[in-house]
S.K.: 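Would you mind keeping the following structure in view while I ask a few things?
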Amino acid sequence: MKRFMSILALCLMMVIVVGPIASNAAAYSSFTYSIDGEQLLSPDGYTPSRTITSGYMGLHADLNEPTDLVTDADGNVYIADPNNNRIIILDPYFKLIYELKSFVNDQGINDALSGARGLCVTNDYIFVADTGLKRILVFEKYNAETGKCAFVNRFEEPESDSFAKDSTYMPIAIAADRAGRMYVVSATTYEGIIALNADGTFSGFVGAQKGNYSALALFWRKFQTKEQREASESNLSVEYNNITIDESGFTYATTSAIDPDKQQAAIESGSSDGTYAPVKKLNTAGDDIMRRNGFFPPSGAVSVTSENAAAEGQIFGASTIVDAAVGPEGTWSILDQKRSMIFTYDADGQLLFAFGDKGEQLGNLKSPNSITYQGDKLLALDSTMNSITVYTRTEYGNIMINALKANNDRRFDEATSYWKAILQRNNNFDAAYQGLGQAAYRSGNWELAMDYFGSCLSLQEYSDSFKMWRKDWVEKYVIIVPIFVIVVLFAIVKFFGYANKVNKRVATSGEKRTLPQELLYGFHLIFHPFDGFWDLKHEKRGSLRAALIYLAITVAAFVYAGVGKSFLFDPIKTQSSIFMQAASVIVPVLLWVVANWCLTTLMEGEGSLKDIFIATCYALLPLPMLMIPSVLLTHILTFNETGFLSLLDGVMWVWIGLLIFFGCMITHDYTIGKNTVTCLCTIVGMCVIMFIGILFSTLMVKMVTLVSNIATELSYRM
């Protein structure tokens, strides 16, 4: 009984201790992404604090699938509730101030909102996209003395020849700058965002995207009646779905109409091109000026599950971005409706943190469609739950904002202390390493800057720091550099002079060739391929042993290229094994030799299998000659000087290709035309041999598996 009571007491204690922990478990985990696209856990930048419902707001009628959410400079909250034909205005504490539903228009007629889906609030005015009646309405902000929002102006559908004849104006989102210029997203306009002057006249289209409409669909729409087009509008891709504007007049436009596969391909490739980006930052001319300097472009989720995971209830595919919000100190966030997640970036497009998940727990969302900032809070509007979820910035988030502010204000010493504080809490945060690197760079500590930039793989800034370090080194050893260059050039000239002297002597001596002489002959052959390959075959100036040595040297050059490049040109060091490096040289050489021999025996070729192998291996000599110096140069060149390496590599491969071509021609005594056809057929033959090899190996694996399964079955039955 004592034992039983002791165990029972222990269980009760565990329930008491573990219960509160489980009940206070976070609704989600915040994270960033590594360079490989893997999620790295991060401290929370924002934590959910409360959910605001219609009852708490004090509404006369509950929200019914609200569509848009914005705030003003005073912290007041504005909600577009189109199914109730109203705009709701709340105070900073989410209590009802006013419901904007009806008004007297400029004609002195009683008017009312009709399905208004989008809104924008400036210092003085409220701009409403009144979708149902296809117009833009402008009101003064709420006046406590009059108890209403005074009507200011009304802008009907703009007129312009730039609109397609079959287009339908349907404003669903709006943004306005300080000068009163308006930018309207129309759900059925694929030419771009509609720009209107302050008087409502059409200014032009900005930010036109590469459309997803097929030519056939656009063709058939020209023959449809107006009723047919309107009936099919819901099936058309929406080019832009939302828009917001920052203090500088730059607009953030989001879209969910991009092909998901192309969107995900752009993310995985780290593309900085905004063609297939679901969010763009547009200037007044409509040019995308968004910085995409992170590991991945700011497009939401990077690691997505496959379509096969849908059977298990997992979310798959590229993010569906439905809104963007501009935060403090150049930060901004986007809303992934598919995953109910919020991704926050800095001005350079680097991910600061991502958080959120689907569900009903505090902080989770079901079908979010709008986000906005309210001071140090982030608000998310859920159209299914008909509520606002309030996220409060944490200590970690405050430190991050302070670091960005100090950096933006050029108080770099203060920013350094903040970045270090962030790394104490999250040593996976790349922006902190970048901030420390920038501080070290400005102070002239190039080596420390390189360490920090290397830690976050900020290669361009690493290159700039290395350039300054190299400049200081050259100035310090200004005498040694030219001496070293002269010595190297002198050694190269002397070596080729010696090789040329030996080759001339051996050509007339008639004595038996030694291995060093056979190896030195390669330096004559690569500069004089016609007589070089002729003497290689007929005068036996080379040998099989020398060819094997050249092949081994080429393999060694490939292995060195895999491990010897500088950090700047190979930051991840994803080199393969020595076996794979060797196979990448030996396999193509053997395939070429065998395929060429099989083909030329049927085309009156004079070269034997041995002759072809020797000629091919001798033709590889330029590869180690140029590849090894190319790898060494990566340790002294910067990003802006990579053109020289590209030129060197291009010369190397063209040189090798010409040597193999001429070697084949002279070995088999072919004309240029016949040799060209033979080389092309040899490449086809290589592919055929590879196909047969893969087919045979697959068959052998299946046979071994079958025999193994039979043996296992027999052992069980016996």
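Since the model is a prediction, treat every value here as computed from it, not as a measurement. One-based numbering along the sequence shown.
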S.K.: Backbone N or O of E414 within a donor-acceptor pair of the N402 side chain at under 3.5 Å?
M.R.: no
S.K.: Between E329 and K405, does the side-chain contact (heavy atoms from CB on, under 4.5 Å) criterion hold? Intermediate values first, please.
M.R.: CA-CA 6 Å; E329 301 305 326; K405 178 175 176 55; 3.5 Å; yes
S.K.: With a 4.0 Å cut-off, would you call K95 and D91 a salt bridge?
M.R.: no
S.K.: Within the structure provided, determine whether Y28 and N364 are in side-chain contact (heavy-atom separation under 4.5 Å).
M.R.: yes
S.K.: Could you tell me which residues satisfy side chain to side chain contact (heavy atoms under 4.5 Å, CB included) with K141, sequence neighbours excluded, listed by chain and number?
M.R.: D72, D74, Y78, V121, I126
S.K.: What do you reckon, is CZ of R411 surrounded by more than 12 foreign heavy atoms closer than 6.0 Å?
M.R.: yes
S.K.: Which pair of non-hydrogen atoms, one from G300 and one from I321, has the smallest distance, and what is that distance?
M.R.: CA-CD1, 4.5 Å
S.K.: Is any side-chain N of the basic residue among E156 and K134 closer than 4.0 Å to the acidic one's carboxylate O?
M.R.: no
S.K.: Quick check: does any side chain N or O of Q350 sit under 3.5 Å from a backbone N or O of R292, one acting as donor and the other as acceptor?
M.R.: no
S.K.: Can you confirm whether or not the ring centre of Y252 sits under 6.0 Å from the ring centre of F250?
M.R.: no
S.K.: Please report the interatomic distance CG(D62) to CG(N83), rounded to the nearest 0.5 Å.
M.R.: 13.0 Å
S.K.: Starting from the C-alpha separation in whole Å, work towards a yes-or-no answer on side-chain contact (heavy atoms from CB on, under 4.5 Å) for M57 and V77.
M.R.: CA-CA 11 Å; M57 298 175 195; V77 181; over 6 Å; no
S.K.: Closer than 3.5 angstrom, by distance alone: can the side chain of D346 be matched with the main-chain N or O of T331 as a donor-acceptor pair?
M.R.: no
S.K.: According to ring-ring contact (aromatic ring centres under 6.0 Å, His included), does anything in residues 54-77 pair up with another residue at least two apart or in another chain? List the pairs.
M.R.: none
S.K.: Determine whether the side chains of D199 and T201 contain a donor N or O and an acceptor N or O closer than 3.5 Å.
M.R.: yes
S.K.: Check whether any side-chain N or O of S383 sits under 3.5 Å from a backbone N or O of S367 as a donor-acceptor pair, and report yes or no.
M.R.: yes
S.K.: To the nearest 0.5 Å, what is the distance between CG on L119 and CD1 on I87?
M.R.: 5.0 Å
S.K.: Return yes if some donor-acceptor pair links the side-chain N/O of S203 with the main-chain N/O of N197 below 3.5 Å, else return no.
M.R.: no
S.K.: Measure the shortest side-chain to side-chain distance between Y240 and Y183 over non-hydrogen atoms and say whether it is less than 4.5 angstrom.
M.R.: no
S.K.: Taking all non-hydrogen atoms of both residues into account, name the closest pair between L41 and S29 and its distance.
M.R.: CD2-CB, 3.9 Å
S.K.: Would you indicate whether K358, at its atom NZ, is surrounded by more than 12 heavy atoms from other residues, nucleotides or ligands within a distance under 6.0 Å?
M.R.: yes
S.K.: Checking Q337 side chain against T320 main chain: does a donor-acceptor pair fall under 3.5 Å?
M.R.: no
S.K.: Could you grab the distance from atom CG of N85 to atom CG of L100, nearest 0.5 Å is fine?
M.R.: 11.5 Å
S.K.: Supply the atom-to-atom distance M385 CE to E65 CD, rounded to the nearest 0.5 angstrom.
M.R.: 14.0 Å
S.K.: Are the aromatic rings of F355 and Y391 close, with centres under 6.0 Å apart?
M.R.: yes
S.K.: Walk me through it: do F103 and C149 pass the test side-chain contact (heavy atoms from CB on, under 4.5 Å)?
M.R.: CA-CA 9 Å; F103 56 94; C149 297; over 6 Å; no
S.K.: So how far is it from Y418 OH to N407 CG, rounded to the nearest 0.5 Å?
M.R.: 12.5 Å
S.K.: Is there a donor-acceptor pair under 3.5 Å between the side chain of D259 and the backbone N or O of D261?
M.R.: yes
S.K.: For N408 and L404, indicate whether the former's side chain and the latter's backbone hold a donor-acceptor pair under 3.5 Å.
M.R.: yes
S.K.: Using ring centroids (six-membered ring only for Trp), state whether Y33 and F295 fall under 6.0 Å.
M.R.: no
S.K.: Hey, which of L457, L423, I422 is the one that makes side-chain contact (heavy atoms from CB on, under 4.5 Å) with Y433?
M.R.: L423
S.K.: Using the salt bridge (Lys or Arg N to Asp or Glu O under 4.0 Å) rule, take R154 and D106 through it: C-alpha gap first, then chi angles, then the decisive distance, then the call.
M.R.: CA-CA 8 Å; R154 174 185 59 175; D106 53 333; 3.3 Å; yes
S.K.: What are the two closest non-hydrogen atoms of T131 and P171, and how far apart are they?
M.R.: OG1-O, 2.7 Å
S.K.: Can you tell if the side chain of L335 reaches within under 4.5 Å of the side chain of N242, non-hydrogen atoms only?
M.R.: no
S.K.: Has the side chain of Y46 got a donor or acceptor atom that lies under 3.5 Å from a matching backbone atom of V390?
M.R.: no
S.K.: Is K366 salt-bridged to D382, going by a charged N under 4.0 Å from an acidic O?
M.R.: no
S.K.: Do D111 and S102 come within less than 4.5 Å of each other through their side chains, counting heavy atoms only?
M.R.: no
S.K.: Short question: side chain of K338, backbone of A318 - any donor-acceptor pair under 3.5 Å?
M.R.: yes
S.K.: How about D323 and T254: does a side-chain donor come under 3.5 Å of a side-chain acceptor?
M.R.: no
S.K.: Shortest non-hydrogen contact from A80 to R117?
M.R.: CB-O, 3.7 Å
S.K.: Decide yes or no on side-chain hydrogen bond (donor to acceptor under 3.5 Å, both in side chains) for T275 and D273, but give the supporting numbers first.
M.R.: CA-CA 6 Å; T275 302; D273 182 14; 2.8 Å; yes
S.K.: Below 4.5 Å, heavy atoms only, C-beta onward: do Y345 and L352 meet side chain to side chain?
M.R.: no
S.K.: Please tell me if the side chains of R178 and T122 come closer than 4.5 Å, counting only heavy atoms from C-beta onward.
M.R.: no
S.K.: With respect to I88, which candidate in L69, I97, L96 satisfies the side-chain contact (heavy atoms from CB on, under 4.5 Å) definition?
M.R.: L96
S.K.: Taking only residues two or more places apart in sequence, or in another chain, which ones meet N84 in a side chain to side chain contact (heavy atoms under 4.5 Å, CB included)?
M.R.: N64, D81, R86
S.K.: Does a side-chain heavy-atom distance below 4.5 Å link Y169 with I194?
M.R.: yes
S.K.: Out of curiosity, S30 OG to M341 CE, how far, rounded to the nearest 0.5 Å?
M.R.: 8.5 Å
S.K.: Apply side-chain contact (heavy atoms from CB on, under 4.5 Å) to the pair L59 and E99, showing each step before the final yes or no.
M.R.: CA-CA 9 Å; L59 302 183; E99 288 188 6; 4.0 Å; yes
S.K.: Where do T32 and L351 come nearest, in terms of heavy atoms and distance?
M.R.: CA-CD2, 3.9 Å
S.K.: Taking all non-hydrogen atoms of both residues into account, name the closest pair between A380 and L365 and its distance.
M.R.: CB-CD1, 3.9 Å
S.K.: Decide yes or no for E140 and Y125: does some side-chain heavy atom of the first lie under 4.5 Å from some side-chain heavy atom of the second?
M.R.: yes
